[in-house]
Each structure stands twice: as C-alpha cells, then as structure tokens.
A.B. asks: 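I'd like to ask some things about the structure below.
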Amino acid sequence: MRIATWNVNSLKVRLPRVEAWLDEVRPDVLCMQETKLADDAFPHLTFGALGYEVAHHGQGQWNGVAVLSRVGLEGVIAGFADGAPPDPEARIVTARCGGVLVTSVYVPNGRAVGHDHYHYKLAWLGRLRTHLEATADPADDVVVAGDFNIAPDDRDVYDPAAFAGTTHVTPAEREALAAVEAWGLVDAFRARWSEGGLFSWWDYRAGDFHQGRGMRIDLLLASASVAERVTWAVIDRNARKGQQPSDHAPVVVDLA
DNA sequence: ATGGTCGTTGCACGA
C-alpha cells in the first residue's frame with residue numbers, strides 16, 4: 001500500500017501536475033492540502049477517471065483538504081470530531097481507506113510568534129490530539145498526514161540560525177507536535193532516514209529550491225502497526241521542478 | 001543588496 005501527502009497550493013492551478021503525478025506514482029491514498037476550492041468546485045470526475053474516490057472538505061478560496069483513495073473510502077469526517085464548536089477553517093478531513101484510518105491535515109501557519117494566528121495554531125494542534133482520541137485507537141492502523149507547518153527538529157531546516165525566533169521551529173510548536181505524536185504516532189519519513197537536508201517545502205522566492213534552502217514540514221505520522229509495515233519513504237523532489245510547481249513536494253510512504 | 005514569488009482577489013495580503 002502506497003500512501004502520500006502533498007500540499008498542492010491551489011488544486012485549480014495544480015490539477016494538470018496532480019493528474020500527471022498520480023498517473024506516474026499511483027498512490028493508493030493521497031492526502032491533499034490547500035485545494036483552495038469549495039466542495040462544489042472540486043473536480044470529482046477527473047479523479048474518478050483515475051480510479052479515486054474522494055473526501056473533500058473545502059471552504060472556497062483558502063485552505064481545503066482532501067483524502068483520495070483507490071482502496072475504498074468510508075466514514076468521512078469533515079472537520080474536528082472533538083465536540084467543540086466547528087473550526088471555521090477547512091483544515092482536517094478523515095476517512096477509512098483500505099483498513100487504515102487516514103486524516104489529512106493543514107495545520108495553521110502561525111504567521112508570527114505571538115500573533116493571534118500562532119495561538120490558533122497551538123490550540124489547533126491540541127484539538128487534533130482530542131480528535132484522535134475521539135475517532136481512533138492507537139492500537140489500530142492510523143495515519144495522520146499533511147502540512148504541519150512545523151519543522152520537528154533542527155535537521156529539518158536548512159539553517160537553524162536563520163530561523164531563530166520565527167514560527168515553525170519554536171519549542172511551543174515542536175512540543176505541540178510532540179503531544180500529537182505522543183498519542184501513538186511515528187514520523188514515518190524520519191524513522192527511515194536520519195540525515196538532515198531532506199526537505200518538503202521551499203519558498204518560491206530567490207531560487208530557494210535550487211539553493212537547497214528548504215524545510216521539512218510535510219509529515220506522515222503513522223501508528224505503530226503501520227510504522228512497522230513501512231518499506232520505503234521518499235520526498236518526491238521532482239514534483240517541485242518544472243512548470244507551475246507547488247511550493248511543496250509530495251511525501252510518499254510504502255507499506256508492506 | 002535585508003529583496004526575491006506565487007495564488008488568491010482586486011489594486012493588498014497570506015504563505
């Protein structure tokens with residue numbers, strides 16, 4: 001089973017790239033983020049023709065997450081199932097695919113340390129932990145994948161000094177991510193590869209991609225029973241090249 | 001040299 005996650009940064013613009021990538025890589029499940037589409041604008045026919053069922057949780061011009069599956073898709077949950085008032089932003093969707101409970105997440109960016117959006121980000125990660133407690137069992141096959149907007153440690157940024165005091169690397173963000181993982185999830189890519197310099201996002205500006213100035217902020221978190229099935233993990237840098245790329249590359253994990 | 005580019009919408013802002 002091949003599971004992937006990709007922040008596509010506008011599915012409207014990226015659809016040709018996403019179609020070509022699905023045709024080439026053929027993941028069984030793809031978590032997408034930043035579709036930037038309303039639910040009624042989602043191109044279901046395009047993905048249906050490629051063999052995928054889709055759960056999309058969109059809101060219009062911003063955010064928007066999806067789970068695509070060609071191994072079955074059921075039990076869709078749009079938004080948090082934590083009993084609290086709905087999140088006004090479309091950032092999480094859950095579905096069961098081929099025996100794995102899959103959640104696609106687009107964690108808030110945070111904008112600046114101390115900003116309202118930064119506190120929203122930390123609270124959002126707390127709600128994600130509660131959502132897992134309400135919807136899943138850590139003894140089951142569970143995957144939480146998406147754009148976490150957090151570099152888990154200093155290996156995951158090109159220059160730790162350049163990020164001092166900025167979002168994505170603060171202890172509070174890293175601890176909030178660790179609290180989600182403490183529910184019972186392993187960073188599948190990091191479990192497979194220990195070296196730094198392996199990034200999933202590069203700013204469009206200043207040739208950052210070609211200069212190697214990136215961060216690893218797109219993660220596939222797996223419960224123990226899924227993590228022990230991992231046979232391969234890769235970040236597909238090729239998808240960041242060429243015409244009209246997303247600023248994120250897909251993360252792909254193969255399971256036995 | 002302290003910028004740079006995208007995608008949204010609409011002539012600014014978020015990432």
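Here is the naming used below: chain letters follow the sequence lines, and residue numbers restart at 1 for every chain.
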A.B. asks: In this structure, how many angstroms lie between the P atom of dC6(B) and the CH2 atom of Trp202(A), rounded?
C.D. replies: 16 Å
A.B. asks: Hey, are Asp254(A) and Arg192(A) close enough for a salt bridge, meaning a charged N less than 4.0 Å from a carboxylate O?
C.D. replies: no
A.B. asks: Going by distance alone, is a donor N or O of one side chain under 3.5 Å from an acceptor N or O of the other, for Trp21(A) and Asp236(A)?
C.D. replies: yes
A.B. asks: Provide, to the nearest angstrom, the distance between the CG atom belonging to Asp147(A) and the P atom belonging to dG14(B).
C.D. replies: 17 Å
A.B. asks: Could you give the distance separating dG4(B) and dA12(B) at their P atoms, to the nearest angstrom?
C.D. replies: 16 Å
A.B. asks: How many whole angstroms separate atom CG of Asp208(A) from atom C1' of dA15(B)?
C.D. replies: 13 Å
A.B. asks: Less than 4.0 angstrom between a side-chain N/O of Arg14(A) and OP1 or OP2 of dG7(B), yes or no?
C.D. replies: yes
A.B. asks: Rounded to whole Å, how long is the line connecting atom CZ of Arg240(A) with atom P of dT5(B)?
C.D. replies: 13 Å
A.B. asks: If I compare all heavy atoms of Gly165(A) with all of Val113(A), which pair ends up nearest, and what's the gap?
C.D. replies: O-CG2, 3.5 Å
A.B. asks: Calculate the interatomic distance between Asn63(A) atom CG and dT8(B) atom C1'; express it in whole Å.
C.D. replies: 12 Å
A.B. asks: Check whether any side-chain heavy atom of Thr135(A) sits under 4.5 Å from a side-chain heavy atom of Ile77(A), and report yes or no.
C.D. replies: yes
A.B. asks: Would you say Ser10(A) places a side-chain N or O within less than 4.0 Å of OP1 or OP2 belonging to dT8(B)?
C.D. replies: yes
A.B. asks: Over all strands shown, is Arg213(A) touching base, sugar-phosphate only, or nothing at heavy-atom distances under 4.0 angstrom?
C.D. replies: nothing
A.B. asks: Work out how far the P atom of dA15(B) is from that of dT9(B), and round it to whole angstrom.
C.D. replies: 15 Å
A.B. asks: Taking dC6(B) as the reference, what is the distance to dC11(B) when you measure between their P atoms (whole Å, please)?
C.D. replies: 22 Å
A.B. asks: Is the distance from OP1 or OP2 of dG3(B) to the nearest side-chain N or O of Arg205(A) less than 4.0 Å?
C.D. replies: no
A.B. asks: Go nucleotide by nucleotide along DNA chain B from the 5' end; which of Tyr204(A) and Val13(A) gets its closest nucleotide reached first?
C.D. replies: Tyr204(A)
A.B. asks: Could you measure between the two P atoms, the one in dG3(B) and the one in dG7(B), and give it in whole Å?
C.D. replies: 23 Å
A.B. asks: Figure out the CH2/C1' separation between Trp201(A) and dC6(B), and round it to whole Å.
C.D. replies: 11 Å
A.B. asks: Is the distance between the ring centroids of Tyr158(A) and Phe163(A) under 6.0 Å?
C.D. replies: yes
A.B. asks: Hey, which of these two, Asn109(A) or Ala206(A), hits DNA chain B nearer its 5' end, going by closest nucleotide?
C.D. replies: Ala206(A)
A.B. asks: Send over the distance from Leu37(A) CG to dT8(B) C1', rounded to a whole Å.
C.D. replies: 12 Å
A.B. asks: Rounded to the Å, how far apart are His248(A) NE2 and dT5(B) C1'?
C.D. replies: 14 Å
